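Heads up, the thing below is written out as structure tokens.
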Amino acid sequence: MNKPTEKGLAGAAEADRKTVTRKGGDLIAEFLVKEKIPYVFGICGHGNVGLLDPLYQVRDKVKLVSPRHEQTAAHMADGFFRVKHQPAATLTSTGPGSANIVMALAVAQTDSSALLAITANVPTSQFNRGPFQELNRHNQADFPNVIRPVVKRSFQPTRVDMLPLALRQAVTTMTSGRPGPVNVDIPFNLFQEKAEVPLEAAAEGLGHRRSGASPDDVKRVVDLLAAARRPVLFIGHGVTLSEASKELTELATRYRIPVISSPNGMGCLDMRDPMSLGFIGRNGAYPANQAGRHTDLIIAIGARFDDRSSSSWMPGYSWNIPASKLVHVDVDHAEIGRNYVPDLGILADARTFLRQLLAELERRSPRAGALAPWHAQIQGWQAEWQKFTAPNFETHASPMRPERVVADCRAVLPDDAILTCDVGVSHNWYMQFWNARRPQTMLNSWGFSGMGFGAAGVLGAKLAAPDRPCVSVTGDGCFTMVPHVLCTAVEYNIPVVWVIWNNFGWMSIRDIQMGMFGGRELGTAFYQGANKTPYNPDFAAWARGAGVEAITVTKSQDLKGALEHAIKANKPYLLDVHVDAEVRPPSTGAWQLPPTPYKEPVFGKRYLPDIAPAK
Ligand SMILES: Cc1ncc(C[n+]2csc(CCOP(=O)(O)OP(=O)(O)O)c2C)c(N)n1
Ligand SMILES: [Mg+2]
């Protein structure tokens, strides 16, 4: 997809629109070049080799990267988009190759990340005969039905002359409005067959057609803000995607409105700013949950109140809606009113809305100092939280204390470094304590929590930001799902660092088992033999075997130095860091897994206001 230009429709020159006889495969390759899709992450098969040759012809402009598993291909495209806000493509073959990307597409879909998934299918002349790798129990060449729930749209052109329209609609769809993955499923005869076809350009997508709020609604928001005594902003990935960090920062710092962030919004406001309260929910920061419970006005922008950022919608743990008034701004109308009915719902792009709000505030210049008691209350919560958590950031231990791992990573990584998180206990700690300083520097698999996203996505992130350190913090379980990433880093010389949070098990799930099922453990820890000796591969030796340098870190004194060394080496590097599994993140909200009973917060408590303010 072209980055914004002044030209309106993505500048296909007159000549491009001319009908030319071409092979379908050539048309696709030319289309990728025209749309400035820089990478195709793909794995070959008999079904897509017909497209590899056209890609060979354009190899200077569109690079093919071939990881060792399709899941990784899609995570790479996803990571690339999240850092650069420019989509890449995946290419998979018929049947199993394409089936392997389903989970990674779900990750992209649930976190609004754009990628163009080109899947090959069986030839049209063999539809319904049950050829090799056709899924046809209910419909011919039925892969689009497999993939449908995990993409924004699936297209299945069945003739070469259907390709131009399908391709341009696919690209327009993936980057307009709320971004997401889109599938073009192509019977493989189309790669070689010819037709007289034009090359159609997609309409400009991301960052274009930024619709705003109506002037009346902007005024109403400022009225609400002027009346509020305890306002908060709740921001999510929508603010990151609309690149509204500057506007958010101005709003928060100039008008001193505290900001609570969902993980994919982290860094839009530098989290060192006193107005940044961090993440909310069970694994959030105490000041964020306290502010969420006590606020009288929430302005939510590009955030969706999922269970993990709302304490499963139970009143008084993270939020008190409807006692607190809610303005909900989003580009996707499906999110407005999904979980909480807002007092005011606004369908608008985050950046446009923030600019409108700033302009209206400027015009009205609200009374300074009105929020002083609220700020004082918040500072009190920040001090309590700081006092409770600070000692553990310094603790020396072997295996390491989790907080210390987070703190040492923060100390070593520069502000613009990119952290890709994986799934599990380590992620809980990073959500609670990581201080993202810039937008698009903390990538999370939030909506789907797909294991392997961090370890594989970091490769795509590094391709998008070759000059910045890119580090994946990944669990021993997560990494073991995608260990082939080592090969890809070596083959393509992608110097990323993996920090394996090694606690010898699927410990986030073990902790649920321990807490809710009488302490009986089954299938949640890694061991060997009858007497259950903890087991893991020697990750460092494994990495070295793949040609990746590696260090095992068992003592807290060694992590900083090892990480500094790994980053400086500017080569693929793996650190196997042994972390104490018996230290659990302090919950500051709640999370419900019905029907099992939920636990009360370890730090902080439920708060329900006595009187709901009049609507
Ligand atoms: C692909 C996939 N399979 C299973 C799960 C369920 N799950 C969530 S966390 C987790 C354990 C993660 O283990 P590890 O990476 O070692 O992290 P830890 O919790 O030990 O820190 C599992 C199995 C998932 N989210 N994704
Ligand atoms: Mg683990």
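Start at 1 and go down the list; that is how both ligands and their atoms are numbered. Since this is a predicted model, take the numbers as computed values, not measurements.
Heavy-atom neighbours of Arg272 CZ from other residues, nucleotides or ligands within 6.0 Å: above the threshold of 12.
Taking 4.0 Å as the cut-off between side-chain N and carboxylate O, Arg510 and Glu582 count as a salt-bridged pair. The residues Glu335 and Arg338 are annotated as salt-bridged, a charged nitrogen and a carboxylate oxygen being separated by less than 4.0 angstrom. For Asp332 and Arg304, the salt-bridge test fails: no basic side-chain N is under 4.0 Å from an acidic carboxylate O. A salt bridge between Asp270 and Arg438 is absent, with no side-chain N of the basic residue lying under 4.0 Å from a carboxylate O of the acidic one.
Residue pairs meeting the salt bridge (Lys or Arg N to Asp or Glu O under 4.0 Å) criterion with at least one partner in residues 585-603, sequence neighbours excluded, are absent.
The contact shell of ligand 1, taken as protein residues with any non-hydrogen atom closer than 4.0 angstrom, comprises Met103, Val423, Gly424, Val425, Ser426, Ser449, Met451, Gly475, Asp476, Gly477, Cys478, Met481, Asn503, Gly505, Trp506, Met507, Ser508, Ile509.
When all heavy atoms of Phe81 and Pro179 are compared, the pair lying nearest together is CZ-CB, 4.2 Å.
For Trp319 and Phe234, the gap between ring centers is short of 6.0 Å.
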Only distances under 3.5 Å count here; give the side-chain donor-acceptor pairs of residues 494-502 to other protein atoms, sequence neighbours excluded, each with its distance to 0.1 Å.
{"unit_1": "Trp498", "atom_1": "NE1", "unit_2": "Ala455", "atom_2": "O", "d": "2.9"}
{"unit_1": "Asn502", "atom_1": "OD1", "unit_2": "Phe504", "atom_2": "N", "d": "3.3"}
{"unit_1": "Asn502", "atom_1": "OD1", "unit_2": "Asn536", "atom_2": "ND2", "d": "2.8"}
{"unit_1": "Asn502", "atom_1": "ND2", "unit_2": "Asp576", "atom_2": "OD1", "d": "3.0"}

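Counting only distances under 2.8 Å, and ignoring water, the protein N, O or S atoms around the Mg ion (ligand 2) are Asp476 OD1, Asn503 OD1, Gly505 O.
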